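The block underneath contains the structure these notes are about, expressed in structure tokens.
Counting starts at 1 for both ligands and their atoms, in listed order. This is a predicted model, so every value here is computed, not measured.
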Amino acid sequence: MPLPTPAVPPAPRSAARLSGPGRGRLLLLLGLPLALCGCLRPRGEVADRLAIGEVMMRSEFAANLRALAMPGGRVSGTPNAERAEQFVFDRLRAYGFPRVAREPFEMWSWLVHDTRITILGDPPRVLEGAVALGRTESTPPGGLTAEVVDLGEGTDADFETRAEELRGKIVLVRENRATRGHRLRAALERGAVGYLVMMPPDREPTIGNGHRTPQPQPAAVIPHDADLLARLAAGEPIRINMRLETENWLACPCNIVAELPGRGPHADEIVILGAHLDGWHLGEAAMDNGSGAAAILETARALRAIGWQPDRTVRFVWFMGEEHGLLGSKAYVTQHAAELDRIVAMINVDMPGAPRKLLAFGHEELQDLLAATARDLAAYELEHAVIGLTGDWSDHAPFMRQGVPTLALAGELGPGAKHYHLP
Ligand SMILES: [Zn+2]
């Protein structure tokens, strides 16, 4: 899950076609496709019982998640990521899906090997825990040294009024709701040579994206540092050295796609259940998003195992490139432009955790469906909400921008959440 980027509002489309029976009782992800697709055989509560029994008795979720949770993560275009793509492909074939596709696309992939940010002085002080931002190229071996300008929250107005001060400087801003990439671009446009984002006191630096394409100006996230801020506020000129060792390369990862074909009068309509398979390299990428990838794999397995024949076609998609800017889902929407009007819903599963909330984006008319689904899945005590068109932090966003009704799960991530996007 990357940091949010500004949304482009789509033209909302009627979601009336989504109404249908929703009777899942136990595993929410089983409930959602059952709720949205209708089915021919087995039907309704029978399908619920069979699917739930299948998951209760024969779940492969944990084993699959263990296989996907690799030290070094699953950064798109790395051997780990290719192993993960192959693993999902092989499991789907083993589960009996007749058509499993690899859909390749090109993207700039990126890894950071070392981030060293040093406040120069006597003695110099290294800011422990700093993390470079995506697509920064390696600095020269000695790093880049420049004076720091503290731009505070780094609003558009800050960049305007202090534009003259930024040339040749390292721009420092606070982590806030504005995106890192937007403010990085604002700094570069005004001649900055480096960029630092400082976290609030209670949060460690998290990895994420910076440049859109490989760029030499170093960008990094640093921990909160009250001493540095006080010295800058007092007007002391401070020079910082940024030394980054990174890797940028043109990668060709594959989205993995499998289908349960619809058999009814609405068979042409497609419901997509998606999750990104890629994940950052600082840990095992188990939570973000091994958990979601394994969850939809188990959903696919169970629905196939019980012989469920949906009315509408259910398509499972494991996206790559999400962490580098939703690149796999953007490529998917481009590659499937001709059938977008047949995609009646896209359900995105990114870090489901313990699901607590059903979210829809922009389509107010989905309120009734969400309410009915939450009622049908009463054991989960789900909240539900339509949250407008600004929720674009994951792979539902490229579909949302095309007007496809999109749903997502928001869950509690427990103690593991503290490891999100961290080393
Ligand atoms: Zn994610």
>> For the backbone of G73 and the side chain of N80, can you confirm whether one donor and one acceptor N or O come within less than 3.5 Å of each other?
In response: yes
>> For N/O/S atoms only: which one belongs to H276 and is nearest the Zn ion (ligand 1)?
In response: NE2
> the Zn ion (ligand 1) to D350: any N/O/S contact under 2.8 Å?
Replying inline: yes
>> Any N/O/S atom from D288 (main chain or side chain) under 2.8 Å of the Zn ion (ligand 1)?
In response: yes
>> Given L273, which partner from the list I347, L407, L303, N348 fulfils the side-chain contact (heavy atoms from CB on, under 4.5 Å) test?
In response: I347
>> Any side-chain to backbone donor/acceptor pair from R135 onto H324? Under 3.5 Å, distance only.
In response: yes
> Salt bridge between R180 and E175, side-chain N to carboxylate O under 4.0 Å?
Replying inline: yes
